[in-house]
Protein chains: 2
Amino acid sequence: MDPQGVPYTPETAAIDVEKALKMLEGRWKLLILFQLFDGGVRRFSELERAIPAVTQKMLAQQLRQLEKDGIVLRRVYPEIPPKVEYSLTRWGQSLCPALDALLTWAGKRPDGGHQT
Amino acid sequence: MDPQGVPYTPETAAIDVEKALKMLEGRWKLLILFQLFDGGVRRFSELERAIPAVTQKMLAQQLRQLEKDGIVLRRVYPEIPPKVEYSLTRWGQSLCPALDALLTWAGKRPDGGHQT
DNA sequence: CTGAATCCGGTCTGATACTG
DNA sequence: CAGTATCAGACCGGATTCAG
């Protein structure tokens with residue numbers, strides 16, 4: 001990465017960050033990632049159950065985007081009945097520290113005291 | 001919040017996570033947070049310059065949401081010309097590890113190799 | 001300088017129904 | 001089981017204009 005001709009400036013960095021963040025945008029993506037985060041391999045229906053509020057359409061759509069972005073791996077077993085498993089790609093796993101930090105933060109509640 | 005009668009189950013945790021994530025949703029919020037992240041105190045116009053693609057409307061809107069959620073602190077100086085500074089609240093600062101991890105991840109590029 | 005208000009088109013989401 | 005198709009509405013974001 002980073003071909004030697006390309007200078008690394010704050011501007012190009014900002015663009016990279018923006019593109020990377022875009023991959024995580026979407027109402028359900030982080031929730032999906034949290035399911036896969038623990039090294040988990042989950043089937044479509046397992047994800048549906050784990051995230052009750054999501055619809056089939058949105059789940060499928062966001063999974064496909066994550067797959068296209070190389071974050072999630074989709075493995076299809078040509079069986080009857082169909083079986084599809086989702087997991088993190090190697091690159092997706094590089095997200096784990098961030099996912100972990102996010103989860104930690106989300107677990108904290110604001111103390112309700114005066115903010116400074 | 002969190003009255004003592006509320007049991008802590010995976011389900012309620014999921015709800016918390018969902019609410020917390022919702023606070024970060026929005027095309028520009030993380031980008032704004034990254035500007036404030038380094039302990040920075042930034043004026044409105046500084047944020048505008050730092051995030052060229054954002055419009056005044058969206059910047060103001062997302063800042064107000066972050067303020068309402070207790071993540072960002074808005075300090076108004078009653079001067080002419082007006083001066084408004086934004087910074088992270090104490091709770092907002094608890095996001096820093098996550099922000100840092102995200103930034104680290106965003107800086108990595110996928111290696112383009114076969115994903116596993 | 002720091003915003004608020006309005007208009008408007010595009011995108012995203014959700015409900016529902018259908019398929020291999 | 002694991003999706004796709006379709007439609008309608010909510011929501012988002014941008015341009016422009018106005019205000020303290």
Side-chain angles (χ1 to χ4, degrees), chain A residues 14-15 17-36 40-69 71-88, chain B residues 14-15 17-36 40-69 71-88:
Chain A
I15 291 174
V17 169
E18 225 172 312
K19 280 196 297 188
L21 290 181
K22 220 157 185 169
M23 294 181 183
L24 301 181
E25 243 164 53
R27 183 94 169 60
W28 309 104
K29 284 191 189 163
L30 286 177
L31 259 3
I32 293 170
L33 259 14
F34 286 145
Q35 294 299 318
L36 270 17
V41 176
R42 303 293 170 90
R43 300 185 56 168
F44 189 88
S45 53
E46 289 177 317
L47 292 173
E48 266 190 286
R49 252 173 288 121
I51 313 173
V54 76
T55 61
Q56 282 189 325
K57 172 190 164 180
M58 292 315 300
L59 183 55
Q61 179 187 106
Q62 311 249 311
L63 278 169
R64 261 176 284 118
Q65 287 177 18
L66 288 169
E67 186 193 3
K68 175 176 65 64
D69 287 333
I71 296 173
V72 156
L73 188 69
R74 178 171 184 258
R75 173 172 294 178
V76 183
Y77 295 84
E79 308 175 352
I80 301 293
K83 177 176 168 184
V84 181
E85 286 180 347
Y86 295 91
S87 57
L88 294 182
Chain B
I15 291 174
V17 169
E18 222 171 316
K19 280 196 298 187
L21 290 181
K22 219 154 187 175
M23 295 181 183
L24 301 182
E25 243 163 54
R27 185 91 167 61
W28 309 104
K29 285 191 189 161
L30 286 177
L31 260 2
I32 293 170
L33 260 16
F34 286 146
Q35 293 301 317
L36 271 16
V41 177
R42 304 293 170 90
R43 299 186 56 172
F44 189 86
S45 53
E46 289 179 318
L47 291 173
E48 267 190 285
R49 250 172 290 122
I51 313 173
V54 76
T55 61
Q56 283 189 327
K57 174 190 166 181
M58 293 317 299
L59 182 55
Q61 181 188 103
Q62 310 248 312
L63 278 169
R64 261 176 284 119
Q65 287 177 17
L66 288 169
E67 186 194 2
K68 175 174 66 61
D69 289 333
I71 295 174
V72 156
L73 189 67
R74 178 172 184 257
R75 173 172 294 178
V76 182
Y77 295 84
E79 308 174 352
I80 301 295
K83 176 178 170 185
V84 182
E85 285 180 347
Y86 296 90
S87 57
L88 293 182

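- Comparing C:dT2, C:dT13, D:dG13 against the side chain of A:M58 picks out C:dT13 as the nearest.
- Heavy atoms of A:Q62 sit under 4.0 angstrom from primed sugar atoms or phosphate atoms, though from no base atom.
- When the side-chain hydrogen bond (donor to acceptor under 3.5 Å, both in side chains) test is applied to A:Q65, the partners found at least two apart in sequence or on another chain are A:K29.
- Atom CD1 of B:I32 and atom P of D:dG13 are 11 Å apart (whole Å).
- One atom, CD of A:E18, and another, C1' of D:dG13, lie 13 Å apart when rounded to the nearest Å.
- Between B:R27 and the phosphate of D:dC12, there is no side-chain N or O to OP1/OP2 separation shorter than 4.0 Å.
- As rounded to whole Å, 15 Å separates atom C1' of D:dG13 from atom CD of B:E25.
- Evaluation of the side-chain hydrogen bond (donor to acceptor under 3.5 Å, both in side chains) rule for B:E85 yields B:Y77 as partners, not counting sequence neighbours.
- Checking D:dA2, D:dG20, C:dG3 against the side-chain heavy atoms of B:V84 singles out C:dG3 as nearest.
- The nearest whole Å value for the distance from the OH atom in B:Y77 to the P atom in C:dC1 is 17 Å.
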For nucleotides 4-11 of chain D, just jot down a letter per nucleotide in 5' to 3' order: B, S or -, based on protein non-hydrogen atoms under 4.0 Å. B-BB----
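- A:L63 has its CG atom 7 Å from the P atom of D:dG3, to the nearest Å.
- Between C:dT2 and B:S45, a contact under 4.0 Å exists linking OP1 or OP2 to a side-chain N or O.
- A:Y86 has no side-chain polar atom (N or O) that falls below the 4.0 Å cut-off from OP1 or OP2 of D:dC1.
- Scanning for salt bridge (Lys or Arg N to Asp or Glu O under 4.0 Å) contacts around A:R74 gives an empty result, with sequence neighbours left out.
- Not counting sequence neighbours, A:R49 has no partner by the salt bridge (Lys or Arg N to Asp or Glu O under 4.0 Å) test.
- In this entry the distance linking CH2 of A:W28 with P of C:dT13 reads 9 Å, nearest Å.
- In this structure, B:V41 and B:S87 approach most closely via the heavy-atom pair CG2-CB, 4.1 Å.
- The distance from atom CD of A:E48 to atom P of D:dG3 is 10 Å, rounded to the nearest whole Å.
- The minimum heavy-atom distance between A:E25 and B:R27, with the atom names listed, is OE2-CA, 3.7 Å.
- For the OP1/OP2 pair of C:dC1 and a distance below 4.0 Å, the side-chain nitrogens and oxygens of B:R49 include no atom meeting the criterion.
- For A:Q35, the side-chain hydrogen bond (donor to acceptor under 3.5 Å, both in side chains) test picks out A:R42, with sequence neighbours left out.
- Note: CZ (A:R42) to C1' (D:dA2) measures 17 Å, nearest angstrom.
- Checking the phosphate oxygens (OP1, OP2) of D:dA2, a side-chain nitrogen or oxygen of A:R43 falls inside 4.0 Å.
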